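Sequence lines set the chain letters: A, B, ... in the order given, protein chains first and strands last, and positions in each chain run from 1. Just so it is clear, the structure is predicted and the values come from calculations on it, not from any experiment. Hydrogens, waters and symmetry mates play no part in the numbers below; they use all other heavy atoms, side chains included.
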Protein chains: 2
Amino acid sequence: MKTKTIIIDDHTLFNDGMSLILKESGFFEVIEQIYDSRQAQTKCFSLRPELIIVDYNMPHLNGLEVVKQLNALGSDMKIVIVSMYADKKEIELFKKEGIDAYITKTTPGTQLIEALKKVMEGEKLFESKNIAKTVIEKDFFAIKHQLTKREMDILRLIKQEETTEKIAEMLNLSFYTVETHRKNINHKLKFKTKKEFYEFLETLDE
Amino acid sequence: MKTKTIIIDDHTLFNDGMSLILKESGFFEVIEQIYDSRQAQTKCFSLRPELIIVDYNMPHLNGLEVVKQLNALGSDMKIVIVSMYADKKEIELFKKEGIDAYITKTTPGTQLIEALKKVMEGEKLFESKNIAKTVIEKDFFAIKHQLTKREMDILRLIKQEETTEKIAEMLNLSFYTVETHRKNINHKLKFKTKKEFYEFLETLDE
DNA sequence: GAAAAAATACCTGTTAACAGGTATTTTTTC
DNA sequence: GAAAAAATACCTGTTAACAGGTATTTTTTC
């Protein structure tokens, strides 16, 4: 019996290509290709695949959000992330969600098949060896969890390039209060460069 | 006769997937898959493909540089760019190099085959219709070319988060000179947000 | 219900960026 | 070799961010 598989990737070409790689192998049957991550949960619920391959970078819902939705279904599907990058801490995040493998797009097709077969046998695979060298190591996730709710509110407005004055106005707070929050945020973040700060802001949800 | 094709893409998985899509179609024969862009020129010279598919984003040599190298060979191979994004002005750049098609990775496999067949018949294809909606329209390239050499020098140091004072020191210039350059740069760039400015800095080569 | 954490508010002083100027010298272009 | 472009330099004033404080009120936690 071939493994019933669903591929979730907005890059149609990549999705189609991977689909063919799986079919060619003779071990996998692609029962559905999803190009819009928002359809992931309902389709996986109704089609009940044994294996789901999820792209990390997608519009609307990113890979992590999709995984969370799939986990909410509470079934025993295997979930594999295929990503362009291999951020150590991002992998940590996915591990917390209990995914079965994290594979980069630089993996050859044959290796992918081998990896997927192992996953179906219950193994967990994470490309953590090659990773450390190439990739940014910032633990944005951990940092985020040092911040309070109010601090996050203010950060989101900072992301929108609002000034302290405007933020105070918008949240009906004193200018000084917002300044204090910013000060506390800065103490917690301690980024060395503005670029790093802006990259961090990018990881915030609106 | 099948069209002899070479695929140049560092993402092995994508390269393999596309290769299968082409083979499946029955119209194309993938005579070589290149994962390292630095091998493009020599391999294409010796193997003489009729069609070359080039990824845009690659380490070492990006798509544009590869195309330039291929053009230097002076043969009549068709060149097609496959890119994640569809930046209008980037397409312009490639057009200048005389490529035959620019296709995004959101194209379904069947459409890719149709497009490639048309290319082999001499047509030129550029995905400029679907593009405008989804993609950032910033003409970073054009902006860059408004800047003078000295302004670029200073921008690169700004990218490294140096202050006006330090930049002046490093370039053996007066503080005021650097300030003037920054002023002129700002007048030329006119970015609305800091984020946009930092994104622009990212497109600079060191 | 006491203790800790989070949110609020105010004050002073510094600093780097930036926008507005003007002006001279050097280099490039035709 | 004249004209245009690029690079250099100086000056004034404003502004937003930020680091250093202190202090009270509200909410959460055990």
Side-chain angles (χ1 to χ4, degrees), chain A residues 138-206, chain B residues 89 96 138-206:
Chain A
K138 284 296 154 209
D139 191 349
F140 287 155
F141 177 76
I143 293 167
K144 256 182 248 180
H145 282 253
Q146 293 179 343
L147 300 173
T148 67
K149 253 182 213 165
R150 206 51 162 165
E151 286 165 353
M152 286 294 283
D153 291 343
I154 285 163
L155 257 182
R156 273 185 277 265
L157 292 168
I158 291 172
K159 184 184 176 183
Q160 284 165 50
E161 316 250 353
E162 304 290 351
T163 61
T164 303
E165 211 185 338
K166 278 212 171 180
I167 293 171
E169 211 178 283
M170 291 168 93
L171 299 179
N172 257 318
L173 291 173
S174 153
F175 172 86
Y176 293 114
T177 305
V178 177
E179 233 186 7
T180 301
H181 282 304
R182 290 193 79 146
K183 188 170 52 184
N184 293 335
I185 289 168
N186 287 341
H187 281 199
K188 287 179 183 177
L189 297 184
K190 277 187 216 135
F191 286 126
K192 278 177 208 74
T193 63
K194 279 179 203 160
K195 193 191 146 203
E196 210 172 333
F197 177 62
Y198 277 93
E199 273 170 7
F200 174 66
L201 286 184
E202 279 306 294
T203 70
L204 295 179
D205 38 299
E206 311 286 319
Chain B
K89 292 299 164 181
K96 270 180 204 155
K138 283 296 153 210
D139 191 349
F140 286 158
F141 176 77
I143 293 167
K144 256 181 247 177
H145 283 252
Q146 292 180 342
L147 300 173
T148 67
K149 253 182 213 167
R150 206 50 161 165
E151 285 165 353
M152 286 295 284
D153 290 343
I154 285 162
L155 257 183
R156 273 185 276 265
L157 290 169
I158 291 172
K159 185 184 176 184
Q160 286 166 47
E161 316 250 353
E162 304 290 351
T163 61
T164 302
E165 212 184 340
K166 278 214 169 176
I167 294 171
E169 212 177 282
M170 291 167 93
L171 299 179
N172 258 318
L173 290 173
S174 153
F175 172 86
Y176 293 114
T177 305
V178 177
E179 233 187 7
T180 301
H181 282 305
R182 290 193 79 145
K183 189 171 51 183
N184 293 335
I185 289 168
N186 286 340
H187 281 200
K188 286 179 182 177
L189 298 185
K190 277 186 218 135
F191 287 126
K192 277 177 207 76
T193 64
K194 280 178 202 159
K195 194 191 145 202
E196 209 172 335
F197 177 61
Y198 277 94
E199 274 169 6
F200 173 67
L201 286 185
E202 280 305 293
T203 71
L204 296 179
D205 38 299
E206 310 287 318

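We find that NE2 of H187(B) is positioned 8 Å from C1' of dC18(C), with the value rounded to whole Å. Rounded to a whole Å, the CD1 atom of I158(A) is 15 Å from the P atom of dA16(D). Between the CZ atom of R182(A) and the C1' atom of dC18(D) there is a distance of 9 Å, given to the nearest Å. Atoms CD (E165(A)) and P (dC18(D)) sit 15 Å apart, rounded to a whole Å. Rounded to a whole Å, the CG atom of L155(A) is 15 Å from the C1' atom of dC18(D). Per the geometry, CZ belonging to F197(A) stands 17 Å off P belonging to dA16(D), to the nearest Å.
In this view, N186(A) satisfies the side chain to side chain contact (heavy atoms under 4.5 Å, CB included) rule with no residue, not counting sequence neighbours. Taking the side-chain hydrogen bond (donor to acceptor under 3.5 Å, both in side chains) definition, one finds that T164(A) meets it with R182(A), sequence neighbours left out. Residues satisfying the salt bridge (Lys or Arg N to Asp or Glu O under 4.0 Å) criterion with E179(A), sequence neighbours excluded, are absent altogether. Partners of E162(A) by salt bridge (Lys or Arg N to Asp or Glu O under 4.0 Å), not counting sequence neighbours: none found. Under the salt bridge (Lys or Arg N to Asp or Glu O under 4.0 Å) criterion, K183(B) pairs with no residue, sequence neighbours left out. Every residue two or more places apart in sequence or in another chain that forms a ring pair (Phe, Tyr, Trp, His ring centres under 6.0 Å) with Y198(A) is listed here: Y198(B). Evaluation of the salt bridge (Lys or Arg N to Asp or Glu O under 4.0 Å) rule for K194(A) yields no partner, not counting sequence neighbours.
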Q) Please, what dot-bracket string fits DNA chain D when only Watson-Crick and G-U pairs with both distances under 3.5 Å count, crossing ones use [ ] and pairs to another strand use |? A) ||||||||||||||||||||||||||||||
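The minimum heavy-atom distance between E196(A) and F191(A), with the atom names listed, is OE2-CD2, 3.5 Å.
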(Q) Treating primed atoms plus P, OP1 and OP2 as sugar-phosphate and everything else as base, which nucleotides of nucleotides 4-15 of chain C get B, S or - for protein heavy atoms under 4.0 Å? (A) --SSBBBB----
